[in-house]
Every structure is written in structure tokens, then in C-alpha cells.
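As the structure is a prediction and not an experimental result, all values here were calculated from the model. Just so we're on the same page: letters track the sequence lines, and every chain starts at 1.
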Amino acid sequence: MKGLFNKIIEVNLNDRSHQVINIADEVYENYLGGRGLGVKLFTDRVPPTVDPFSPENILVFTIGPVTGTSVSTSGRMSLVTKSPLTGTIFYSNTGGIFGFSMKRCGIDGIIIEGKSEKPCYIVIDGNKGLEIKDADELWGLDTEATYDKLKELEGEKVRTLEIGPAGENQVRLASIMNDASRAFGRGGVGAIMGSKNLKAIAVINGKQKTEVDNPELLKNYAKSALDKIKALPVTRSALPLFGTAGVLHVTNSLGMLPIRNFKYGQHEKAPLIGGEAIRKEILVKTEACYGCTIRCGRLTEAGSMKGKGPEYETVWSLGANCEIFNLIKITQANYHCNKLGLDTISMGVTISCAMELQDKGLFPYKEVKFGNEDVLSELVIKTAKKEGIGAELAEGSKRLAEKYGDAETAIHVKGLELPAYDPRGAMGHALGYATSNRGGCHLTGYMAAMEIFNAPKKIPRFTIGGKPDLLVLKQNQSAIEDSLVNCKFSGYALGFDYQARFVSAITGLDFNVTRLLEIGERIYNLERIFNIGAGFSNADDKLPERFENEPFKEGLSKDRVVPIKEMLSDYYRVRGWDENGVPKKEKLQELGLK
Amino acid sequence: MKIDKETFNSFDLVGKDLSNRGYNSSHAGNLSMKSGGKIIITRRSAMLGWLQPEDLVVIDLEEEDAHSGLIASTESNVHRNIYKHTDAMAIVHAHAPATTALSMIEDEITCIDGEGMFLYKKIPVVECDIPVGSYEVAEKVAPALQNYPAIVVRAHGVFAKGVTLEDALGVLTGVEQAADIIYRVKLLGQPLKRDYSKEKGFTNW
């Protein structure tokens with residue numbers, strides 16, 4: 001299919017062999033690329049019951065037909081594996097430049113299976129092909145040092161995916177960093193690389209160009225999309241000026257910024273750590289992924305440290321949700337997460353879980369209490385090293401709360417810690433958390449875009465009627481954005497028809513909106529089938545009890561709880577699943593799935 | 001299936017707005033939304049400006065049922081087909097006068113004002129032998145709406161889709177506004193000083 005190369009490299013770390021495999025056009029036409037292709041390749045190779053840390057679990061890194069084209073926000077790529085944190089299939093997504101650089105090497109992805117006897121890293125060189133090298137010099141280094149060392153070893157223009165000590169130590173919250181800057185953040189995917197003794201993947205010297213069926217038409221569509229991105233205030237000015245942390249000012253004002261482990265919905269000190277404060281106090285410059293005009297990335301300086309971020313999710317998870325409002329301390333903890341290779345959301349929410357346990361008298365570490373900003377960085381470092389209390393935090397909030405006998409203290413779905421939109425403030429978004437195939441994720445359906453930011457359309461945030469139907473649409477659309485691969489932020493400005501136009505101009509095939517939605521549905525159902533095989537059921541499509549029983553007493557989201565069971569039955573019906581949340585036979589046949 | 005108060009209020013608000021704008025005669029036009037895997041649609045000949053709770057009917061999304069044949073809007077088959085073949089979550093249909101008038105002399109309506117160009121670019125015109133309620137309308141409108149937010153059936157009226165009824169209303173009124181500007185410019189009888197639509201490559205849209 002045009003826009004891709006129909007080639008994937010399959011690496012077996014057991015014997016350090018590799019082979020190029022050709023992918024049939026039919027697979028691309030049914031799954032596109034990115035997440036869809038990754039899910040297809042993953043589920044074809046891995047049984048649902050696989051132990052995430054076993055050599056049989058695989059990592060599938062893929063790009064898509066839109067990756068690295070003239071479409072703004074297309075500098076992204078995808079990863080699919082089985083998560084050690086959730087036990088579900090796990091799709092993740094990163095920006096930066098790596099995806100574009102890998103595409104320039106003439107491949108659509110890389111599958112990694114097995115386990116290397118010794119620490120190693122993979123180099124994909126556009127001139128020399130693929131090589132697996134010993135990583136003795138890299139093992140133990142943080143992500144920034146790893147990136148620097150790889151530049152020294154492979155060349156200044158190298159682009160990298162790397163893990164830090166957290167990944168090496170198989171911490172369930174470990175991320176995979178991208179040029180020590182962006183991240184495959186969630187689900188403990190870095191721990192899978194660590195379990196395989198794989199420290200990094202590097203790409204360099206790619207020179208291949210992707211064939212586009214109708215470059216003029218694509219240019220026309222890309223220009224129109226750019227006009228919209230430049231016109232919408234969210235993408236034109238809010239994200240460039242304030243980064244993602246600008247969101248905090250909105251969620252706080254709407255009473256749905258989780259505070260104190262999701263006990264309250266707003267705080268008078270919250271603006272101290274928002275995007276405006278970041279811009280005023282610590283911003284050095286803004287940064288962008290490949291070809292992106294939005295420039296939501298931040299290079300910042302906090303005290304004696306310098307680094308990337310923090311994002312909205314981070315100032316919240318390591319800040320507001322722990323009742324900490326010291327921007328410098330939060331940013332420094334964020335730097336440590338990036339360097340050590342840790343997901344800031346899960347790290348922060350696991351800390352806030354520990355703080356609530358301590359508040360209830362269930363947790364022995366007295367210093368871990370709400371508002372204690374001095375423990376933040378120390379807890380992050382200990383978690384990456386699995387040292388002392390860190391060994392407990394390294395397991396994530398679900399396992400931590402269960403260990404201390406109060407499972408409801410962990411704010412998660414399917415083991416994945418919830419992000420920074422309190423479900424009581426947006427009903428469609430809440431249902432999205434409960435039904436996401438990777439657990440408590442805000443991006444799988446991302447209803448908040450419409451419920452909170454009115455982008456690209458406005459929908460009322462508290463209504464229930466029609467929300468399951470709309471969520472199914474958004475989840476299917478999202479699976480497509482992840483498969484093309486295009487950034488979710490473009491969706492603020494663009495209607496979904498733009499995605500259809502992009503991929504049709506690139507491939508020369510008629511991918512209209514309906515066809516794309518069917519592909520999205522196929523991907524979503526294939527993920528669901530895998531999860532059912534892994535032991536998940538409708539009993540796991542739920543939210544922590546406080547969201548059903550404990551309304552906020554103040555603010556613009558007060559007196560609201562989430563009628564999750566009411567919405568869930570409609571959701572299953574809309575999906576074509578039975579009352580237990582299992583896809584019906586006829587639905588699977590319709591989608592060409594077994 | 002129970003229709004909640006908030007849902008009824010949306011229908012009521014959108015119906016009143018259309019009525020106030022004079023886009024339909026008193027008993028014409030129709031509205032629908034997807035909900036719980038079904039379609040909620042206005043009753044045949046419902047007065048959109050004076051909707052009552054019993055004017056909303058729940059019909060099957062996949063195939064014709066008793067309600068859709070007996071009491072639902074004449075164009076329930078068009079709505080169903082749009083839901084089955086596009087990303088529509090809500091549909092508003094009205095006989096918006098400027099757009100309908102232009103559909104009689106144009107094969108597609110190309111926006112020339114800033115707002116129209118930014119939001120819609122082009123509005124496809126669909127021609128049918130029986131332009132109201134027929135299976136032909138259902139079969140032709142749905143594919144035309146796949147990549148566009150609204151289309152106009154020649155000599156009949158506009159079908160606009162959205163994520164909510166209010167959103168679809170916004171599309172329909174926006175399309176009518178764009179058409180009205182074209183209509184007025186045509187009345188002026190003067191060439192455009194600058195035709196942005198030609199610069200933006202809308203012919204390829």
C-alpha cells in the first residue's frame with residue numbers, strides 16, 4: 001500500500017537474529033498501520049495468557065501511512081505489547097522525530113521477541129541495515145546519558161528509544177523515552193524492554209521517501225488542515241503558549257481537577273502549577289515534534305536542573321493530586337521521572353494512593369503524607385531503583401492498595417492509574433475510562449475534548465443520553481488516529497473527514513469515513529477479544545467506587561456521580577456485545593474476526 | 001427505551017430554533033439522534049416549533065420496524081441509512097430556502113465567504129427522481145454525507161449531521177448562511193473582486 005513499505009523487521013533477541021517480513025496489502029487495508037497494524041501483528045503472535053515479562057511477550061513498534069508526511073502533527077508512532085501493569089493488551093503512542101526517522105529507513109515497524117542473554121541495543125541504519133550490539137556501556141545509565149552515549153557511538157543524528165534504570169529494574173511504571181524527551185509513557189512498557197535486556201533502539205541514516213499517490217491533493221488537504229490548526233485558539237495559541245498544562249486552569253475552574261487522590265475537584269492554589277505559571281516562571285523555550293506547528297513541548301529550568309516538561313498530567317499527578325503546589329519541586333520530580341524512565345501519571349497517582357493509605361493509618365511510612373513536597377523526588381528515585389519504599393511503589397497503586405488492605409484507595413481501571421480529569425465532571429469521559437481496552441486512559445476515547453474544550457464540537461458534559469453511542473464513535477476514531485498515526489491534538493481542530501482525506505490521498509485508495517470507522521471498530525474488538533482471553537470481563541469495566549457514591553460538595557461539578565452501570569449496558573449494545581461485554585459472533589463475523 | 005428530559009430539551013430547542021428561522025413550514029422538517037444503539041426521531045408531521053414528549057419516537061437502527069413505518073418521520077429511512085453509513089450522531093433536516101434555491105441551479109455549492117470556506121468549503125447537491133422520503137434519497141444521501149458535514153437534496157432541503165442535535169443545527173444554519181451570501185452576491189450581479197474559493201483549491205475538495 002502506498003504510504004508504507006510493506007516491510008517489517010522481526011528481531012529475535014534469543015539468538016540475536018532478524019529477518020525482514022513482507023506484509024500483505026490486505027492487512028494494511030484492514031488495519032492501516034500504527035496501532036491497528038501493531039494489534040494485528042501482536043495478536044497473531046502472542047497468546048492472551050502470556051506472562052508480560054516472559055521472552056514470549058513481544059514489542060511491536062510501528063509507524064503509519066500518515067507518519068512523517070506533509071500533514072502537520074504526523075510525527076508520531078505506535079507501540080503494542082502486553083502490559084505488566086494491567087495485564088491487558090497495551091497500545092501506546094509517542095511523538096518526537098523517531099517515527100519519521102524510522103520510516104526514512106524504509107520499514108513500517110519492528111517486532112522484538114525473546115530475551116537477550118546480555119544487555120543489548122538495536123541499531124537500524126539506513127545504509128547498513130539492522131545490527132544488535134552489546135549495551136555494556138549503556139546499561140545503568142539514565143535516559144539522557146543513554147541518548148548522549150548513543151550519539152557518541154552511532155552519530156550525532158541518531159534518534160533513539162531508550163529505557164532508564166526503572167525499565168532495567170522492571171518497574172511496572174517504567175516508560176520508554178524517545179530521544180530522552182518524549183515517551184511511550186504508560187503501562188510499564190519500559191519494563192518489557194528491561195525484561196528483554198534491551199536498553200535502546202537507534203535509527204540513523206534513513207533516506208528513503210514514502211510514495212504518496214497524489215502529493216498535490218495531500219498538500220491541498222494538509223494546507224487546509226494547517227489553516228484550521230492556526231485558526232482554532234486551542235491549537236493556535238493555548239497549547240503553544242501554555243503547553244498542555246494550560247488545561248489545569250480549565251479543569252480547576254470546572255471543579256474536575258482531582259485533588260488529594262480524587263477527593264476534591266478544585267483548589268485555590270492550583271494556578272500556581274498551571275501553564276501560565278510554567279510560562280512565567282520556568283519556561284526556557286517551546287519545542288515541537290516532527291513537522292508540528294503547535295509546539296506544545298516545553299524546555300524548562302527548575303532550580304539547578306533543566307529538562308523537558310512538565311505536562312498537564314504531571315503537574316497534576318505529582319502536584320495537585322498529592323496536594324503539592326510547589327512548581328519547582330514538581331518539575332524536578334518530573335525531570336527525575338524522565339531521566340529514570342517512569343510514567344509520571346502512574347508514579348504520581350501511586351504516590352497519592354500511598355498518601356491516602358497513610359492518612360487512613362494503613363501505611364507505615366509516616367513521611368509520605370499529602371502536601372509533603374520534600375519526599376517527591378526521593379520517592380521517584382527510590383521507585384526506579386526499587387529501593388525500600390520504592391520497591392512497593394514500583395508495583396503501582398492497585399497492588400500497593402491491595403497489599404495494605406484497602407483496594408478502593410487505588411484510583412485505577414484495570415490496573416492503570418486514572419489521569420487528570422475527574423470522571424464526575426464529564427460522563428462520556430467517565431465511561432471512556434471504564435471501557436478503555438488499556439485501562440484508565442484519557443486518550444482512548446478522549447471525550448473530554450468535546451465535553452470540556454468544545455473541540456471540535458461542543459457537547460454537554462453531564463448528559464447521559466447518547467453518550468455511549470458517541471463514545472463508541474470516538475473510540476473507533478481514536479483507533480484510526482493511532483493507526484495513521486496522527487496526533488490527538490489535531491482532532492481539536494479537524495473533523496474526522498480530514499483523516500479520511502489524508503489517507504486516501506496518500507494511498508490512492510478510497511478510505512472514506514465509514515470505511516475508516518469499520519477499521520477502528522475492528523481494531524477495538526480485536527483488542528477486546530485479547531483481553532477476554534487474558535481473563536478480563538465486564539466486571540473489570542468499572543470505576544473506583546467513590547465516583548459512583550461520593551459527589552463533590554463544592555464547585556461546578558458538585559452533586560454529580562457517574563451512573564456507570566446505566567451507561568454500560570447501552571455501551572455494550574451499541575458495540576454489538578452481549579450483556580457480559582463479550583463481542584457477539586455476528587459482530588465478529590461482520591468485522592472479519594474469528 | 002426511556003427518553004430523558006435533557007434529550008427532549010435538545011429536540012425542543014433545536015425544533016424551536018428552526019421554526020423561528022422560518023426554514024420549514026409548520027409541520028415539516030425532522031430531527032434525530034443516536035442513543036443507546038437506537039434512533040430517537042421526530043414523529044411524522046410533528047410541529048418542530050411545538051414539540052411534545054410524544055412527538056419523539058424510538059426506532060431501530062438496523063432495519064425498519066413498526067414505529068418507523070407507522071408514526072416516525074417520513075424520512076426515517078434516510079436518517080437510518082445516514083447513521084449506518086456515516087459518522088453522524090445526530091441529524092437535522094430542514095428546507096433551508098437559500099440552499100434549496102441554489103441547489104436548483106448548481107451541481108455543488110462552493111462557499112465564497114470566510115466562515116463558509118473555513119467550515120464547509122463545498123456542499124454537495126444530490127439529485128433524486130423522487131426527492132422526498134424515497135429509498136433513492138436514502139441511498140444517495142448517505143454516501144454523499146460521508147466526508148461532508150451537510151448535503152442538499154436538489155429542490156428539497158438540507159441534511160446536516162453532527163455529534164449532537166445542537167451541533168447539527170449549527171452546521172445546517174451555517175450552510176444556509178453561506179448559501180444566503182452566495183444568493184445575495186448573485187442578486188448584486190457583480191463579479192467577485194477576489195474569489196478565495198478558486199485560490200484554495202476547493203475544486204479538489
Side-chain angles (χ1 to χ4, degrees), chain A residues 214 216-221 223-224 227-228 231-232 428 447 449-451 454 456-460 462-474 476-477 480 495-501 504-505 510-518 520 566-567 569-577, chain B residues 1-11 13 32-40 56 58 61-62 81-90 114-115 117-121 142-150 161-171 196 199-205:
Chain A
N214 192 334
E216 275 307 303
L217 191 58
L218 181 65
K219 194 173 152 192
N220 187 16
Y221 292 155
K223 170 71 171 60
S224 173
D227 284 351
K228 291 214 164 205
L232 185 79
M447 290 284 279
M450 290 196 289
E451 290 184 315
N454 311 333
K457 307 282 188 177
K458 175 180 180 291
I459 60 173
F462 294 122
T463 59
I464 306 300
K467 284 287 172 69
D469 309 66
L470 195 47
L471 175 66
V472 168
L473 174 78
K474 290 296 292 178
N476 293 345
Q477 287 182 347
I480 294 302
F496 189 65
D497 65 293
Y498 274 83
Q499 310 298 346
R501 293 175 194 280
S504 297
D510 179 21
F511 282 107
N512 57 49
V513 164
T514 313
R515 186 173 171 190
L516 287 185
L517 289 175
E518 186 183 310
E566 190 183 325
M567 289 194 286
S569 57
D570 273 359
Y571 175 86
Y572 289 158
R573 185 165 56 250
V574 176
R575 273 265 174 231
W577 298 350
Chain B
M1 193 179 99
K2 191 181 159 208
I3 298 171
D4 60 36
K5 196 178 168 195
E6 285 163 329
T7 300
F8 174 76
N9 287 346
S10 280
F11 276 83
L13 183 150
S32 75
M33 66 176 279
K34 270 167 99 170
S35 183
K38 302 276 186 182
I39 301 171
I40 303 173
L56 303 188
V58 179
L61 181 61
E62 295 300 324
N81 217 37
I82 292 170
Y83 288 126
K84 283 169 79 171
H85 296 291
T86 76
D87 57 349
M89 302 303 292
E115 186 85 352
M117 287 189 295
F118 184 70
L119 292 173
Y120 316 114
K121 296 181 176 54
L145 264 177
Q146 282 185 340
N147 286 359
Y148 297 89
K161 65 178 183 179
V163 292
T164 61
L165 278 170
E166 291 86 347
D167 179 35
L169 174 70
V171 171
Y196 290 94
E199 296 170 28
K200 302 275 183 184
F202 286 179
T203 47
N204 283 331
W205 197 259

Q.
Is A/E518 in contact with chain B via its backbone, its side chain, both, or neither, using a 4.5 Å heavy-atom distance?
A. neither
(Q) Using heavy-atom distances under 4.5 Å, tell me whether B/K121 contacts chain A through its side chain, its backbone, both, or neither. (A) side chain
Q | Under 4.5 Å from a heavy atom of chain B, the part of A/L217 involved | A | side chain
Q. Which atom names give the shortest non-hydrogen contact between A/P460 and B/T164, and what distance separates them?
A. CD-CG2, 4.4 Å
Q. Using a cut-off of under 4.5 Å for heavy-atom pairs, which of A/N512, A/I464, A/D570, A/V574 has the most such pairs with chain B?
A. A/N512
Q) For A/I459, is it the side chain, the backbone, both or neither that has a heavy atom under 4.5 Å from a heavy atom of chain B? A) both
Q: Can you see which heavy atom on B/S35 is nearest to which on A/G465, and at what distance?
A: OG-C, 4.0 Å
Q: Kindly give the heavy-atom pair with the smallest separation between B/Q146 and A/V513, and that separation in Å.
A: O-CG2, 3.1 Å
Q. Do you know which of A/L517, A/N476, A/L516 makes side chain to side chain contact (heavy atoms under 4.5 Å, CB included) with B/D87?
A. A/L517
Q.
Need one label for A/M567: side chain, backbone, both or neither, based on atoms under 4.5 Å from any heavy atom in chain B.
A. neither
Q: Under 4.5 Å heavy-atom distance to chain A, tell me which part of B/E166 shows up: side chain, backbone, both or neither.
A: neither
(Q) Restricting to non-hydrogen atoms, name the atom on A/K457 and the atom on B/V171 that form the minimum distance, rounded to 0.1 Å. (A) NZ-CG2, 4.0 Å
Q. In Å and rounded to the nearest 0.5 Å, what is the OH to CG distance from B/Y148 to A/D497?
A. 9.0 Å
Q | Closest non-hydrogen atom pair, B/N147 against A/A500 | A | OD1-CB, 4.0 Å
(Q) Between B/K34 (side chain only) and A/G466 (backbone N and O only), is there a donor and an acceptor less than 3.5 Å apart? (A) no
(Q) Heavy-atom pairs under 4.5 Å with chain B - which of A/Y498, A/F462, A/F496, A/Y571 has more of them than the others? (A) A/Y498
Q | Per-residue contact mode, A/K458 against chain B (heavy atom under 4.5 angstrom) | A | backbone
Q | Which of B/M89, B/K38, B/M1, B/H85 touches chain A most, by non-hydrogen pairs under 4.5 Å | A | B/M89
Q: For A/Y221, enumerate each residue passing the ring pair (Phe, Tyr, Trp, His ring centres under 6.0 Å) test, keeping only those at least two apart in sequence or located in another chain.
A: B/W205
Q) How many angstroms lie between atom CG of B/N9 and atom OG1 of A/T463, to the nearest 0.5 angstrom? A) 11.0 Å
Q: Measure A/R501 against the heavy atoms of chain B and call it side chain, backbone, both or neither at under 4.5 Å.
A: side chain
